[in-house]
Structure formats: C-alpha cells, structure tokens
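All values reported here derive from a predicted model rather than from experimental measurement. Atoms within a ligand are numbered from 1 in the order they appear, just like the ligands themselves.
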Amino acid sequence: MAEKLYIYDTTLRDGSQGEGISLSVEDKIKIAARLDRLGVDYIEGGWPWANPKDMEFFRRAREVTWRQAKLTAFGRTRKPGGRADSDPNLLAIKEAGVKTAALFGKSWDLHVTAALETTLEENLAMIADSVAFLVAAGMEVIYDAEHFFDGFKANPDYALATLKAAAAAGAGWVVLCDTNGGCLPDEVAAIVTRVRQEIQVPLGIHAHNDGDLAVANTLAAVKAGCRQVQGTINGFGERCGNANLCSVLPNLELKMGYRCLPPGQLSHLTEVSRYVSEIANVVPPGNQPFVGYSAFAHKGGIHVSAVLKASQTYEHISPHLVGNERRILVSDQAGASNLRCKAEELGVELSKEKEQALINGIKEMERRGYQFEGADASLELFLRKTLGEYRRPFEVEYVKTLVEKRPGREATSEAIVKLKVGEQVVHTAAEGNGPVNAMDNALRKALEEVFPVIGRMRLTDYKVRVLDEKDATSARVRVLIESRDGSGSWNTVGVSTNIIEASWEALLDSMEYALLKQSRNLKPN
Ligand SMILES: [Zn+2]
C-alpha cells in the first residue's frame, strides 16, 4: 500500500494574502467545504486574533459538519517577555473552537535579534511556552518554523534548537518553511535530511514560489522525508504564491506513488481548481499544468493524429486522472485528423470529399479573420451548415440599430429586429445600454415568444479584437461572445469591418446554438 502523506491546505489564510484575492466569510466556508469533500487532511481557516473576519469564519465553521478535514487556527508564538496564558493571540486560537493549531515562530537568528529585538534564549522560551500552552489546552499543535531554510543556512545549530524546543514542548508536527521562496531543491533535500537526523517529530514542508520552485522544493522535501505537505489551490499566495496543490498532488500521487487524497478524489482536482478560481474571481491561466484549460489541448496536426492513436505520444498523463479533458483545437495549422476528431465529438460521419471541403472552408474563414479555437459553438454551426445537415430555425429579415447622442445627455441605443419563424413574422424593438445590448435585447425578445429556452440563456462575456491595426478605423474586428445557461457555456465568433455586424453575427450564432443545444439536449463543455 502506498505511503500516506498529510495534506495541509492554506488557501484561506496564506492564499488569501495574494494580490487581488479577497474572500468573504461566506466564500471561505464554501471553499473549505469543497476542500473537505476533496479530502485534504487539514484546512487552515485563518488567524483569529489578527483578523475579525477569520474569527467570524471559525464561529460559522462550528455550524458545519466536516467530513474529514481538521480545521486549523493559525497564530504566532507569545510576545517576548510576555506570558503564554495571557497572550490574546494564543487565547484566540484556544477559543476558535477547533482542535488543531498552527503556530509560527522564528528560526533565523537574524530575525530574532533584528525583527523581534529579543535574545536567542528568549525566542526558544517563547516557542516552548506557546506550544506547551496549546498542547495543555488539548490541541494538536503544528509548529511552523518560519524562514527555516534561510535560518539553517545562517546558523544551523540555532535553527535546529528552535525545532527541538517545539518538539520537546509537545508539537505534533514540525513544518519547515521556505518563507522567502528562494531555496533550490537540492538545498531543501539536504537540509531536510539533516533535520530528520536530529528531530523525531514528523516533518512538514511549506514552500513559497519566488524562484518558481515551490512545487519542486515540496517534492524534494517529501523525497527527503517530509510527511506533511502545505500549499494552496492554484498556488494562490502573496508575491509569487505558495506551492500549488493542483500540481503537487498529481505529482505526488501519479508520479511518486504516494497516497494524498481518498481514492478517486484526484479526479476532482480540475473541478476544485476552477471552483476556487471562480469564487476568488480570478481568471485561471489556460496553461496551468494538470488543470488548465489548455493543459491537454492539441493543435498541430501531427500531434493530433499521434495522440488519437496513442495518447502517451504527446500527453504525460491521461487527462481524466485529474478530471481534465483532452481538447482538439481546429485551426489552419491542423490537418484532417483534428477535424475528424471534432466531427466524431459531434457524431458526424465524414467522407474524404466532405473532409476536404471542410478543411478548405475553415482555412478560408481563418484567412478572413475567424478563429474557431475560442468559438466551439460557431465551429459546430459552421460544420453542420457546410455538411448540409442543418437549417437555421428562423430567418432574419433585417436588423436596424439607432444610437442617439445629444449634448449633456447620455447616449441612447435602440434596435429593431424583424424575423420569420416558419410562417410567423415577429417584429420587435428594444433599448439597451449600447447598440450591441439593444440588438441582444431585441433578438431575445423576438425569439423568446417562440422559443422559451432563449429566456434561460445570458451573455457572460464580450470581447473585441482589432485584426489589421494599421488600417485604424477601417480595420476588421473579431468579436467573441460567451453565453451561458444552467448547464454550461459556449462561445461564438463574428468578423467584419463593422463592429455592429461582427457583434450581430456572434449574437445570432449564440442564440442559434442555444436552440440547437436544446433540440439535441446536448451538453456543451
Ligand atoms: Zn507562507
């Protein structure tokens, strides 16, 4: 049986220190609940004394039934010259209503004398007193040795003495922190090996990513004997972030053979990564390893044909192991195999002649500025139309837009749409906060009368890209629209020298696709 590692998530505490990340108490409860289901062993909820929001989190967390994760309250060792039993920060941890405490203290002599302005002996007493106080309160104490690796490099004997003080006082874990994130994997491995010879308490690793090595340092520390792994979902954290659990976990389980999560849970990693990004309101990078949207996207024609024959030719793991999926991108770089694969996805049979017609068609569209990689729904409509197996469920007779701007007043926009559904003629007008919004409203109003499904979709993103910038205002533009309903999202594209026309084209595709999707009850990705 594979050896078990203990996973300690600090997305809610260290992760929320990241620039641009602000989590409400409600957000934190949601993320913690999702992490609990994923099966991490510890969830660091926050620092109850330093932050009233974190105190509130622990109050709310008491009302939740946690499946397996141990909620952990964070804090620091007592003040120099003070007492542990009257230290408000330690009392807040004790009163947080959780059974585990993470306590950080100094291991670098420079920090003790320069930052804390106390003696090396007093720092050892602060560590021992604080750990002992929380242990006496019945808590499991995880001792975080801040700046441990830098401290060890400066004064190994003293750095080790701080760990021994925590261990002797009853800490259940001693966690070695690369707080400044500048260590190299071989240094980490050598120092962890050395610490293991001196400390009997199980060790953990907490790495920051300033040298882009947090994941590598974490793996090296595990290999050298650390059994607790700290990190954050998506590597969130201050400066360059913390060790990214979305990379650490699959490497440990799939490449190194450890057991981190309950069986089957690794396949929820992509979903958890996206869920946390969504709640934190951060756009996840497409090229994020393992869980990124592009992590298993294949574009070049040769790659695609090889991947379809034997996936390991261009994939280091099978995407479903981490809950991600393979994507075949259709573009003019690609050959027939991309298209064949796409057609297969859509359940369409392709003859050689049809295939060639489609390749030529796509190349022509791309020459005119269309790009289907980000517009799956328009691509599907294009394929179906080219194959002659699809008819638009309505015909547009015309669309008119009117924008009026008078001095001292806000501009107003209005759109008029006339369309035919079978023999029925629908004629509507609507206003909007701009011409595209007015067209969306008018088209929606017209179609909703006949197709109620249109009422359940909405536009969620609208992007414009200028294609030939040197032609300034006469340049062609590409408009990309993202739409969403209860079961998923889809993307459409329009291209024209007229931004209104390009937008209209993408809007029409979006609504047509909603109808096509409903008629096949198909779930887009
Ligand atoms: Zn940290």
**Q** Evaluate the ring planes of His147 and His111, with Trp represented by its six-membered ring, and classify them as parallel (under 30°), tilted (30 to 60°) or perpendicular (over 60°).
**A**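 Geometry flag for His111 against His147: parallel rings.
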**Q** Could you tell me the separation between the CG atom of Asp109 and the CG atom of Asp150, rounded to the nearest 0.5 Å?
**A**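 The CG atom of Asp109 sits 11.5 Å away from the CG atom of Asp150.
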**Q** Tell me whether Lys4 forms a cation-pi arrangement with Tyr6, defined as NZ or CZ under 6.0 Å from the six-membered ring centre and within 45 degrees of its axis.
**A**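 Yes, a cation-pi geometry.
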**Q** Name the one of Asn324, Thr270, Val248, Ile317 that satisfies side-chain contact (heavy atoms from CB on, under 4.5 Å) with Phe290?
**A**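 Going through Asn324, Thr270, Val248, Ile317 one by one, the side-chain contact (heavy atoms from CB on, under 4.5 Å) with Phe290 is satisfied by Ile317 alone.
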**Q** Within 45° of the axis and under 6.0 Å from the centre of the six-membered ring of Phe296, does NZ or CZ of Arg327 qualify?
**A**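 Verdict for Phe296: no cation-pi partner in Arg327.
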**Q** With a distance cut-off below 6.0 Å to the six-membered ring centre and an angular limit of 45° from the axis, does Arg227 pair with Trp173 as a cation-pi contact?
**A**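 No, Arg227 and Trp173 do not form such a contact.
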**Q** Which protein N, O or S atoms does the Zn ion (ligand 1) have within a distance shorter than 2.8 Å?
**A**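 N, O, S partners closer than 2.8 Å: Asp14 OD2, His206 NE2, His208 NE2.
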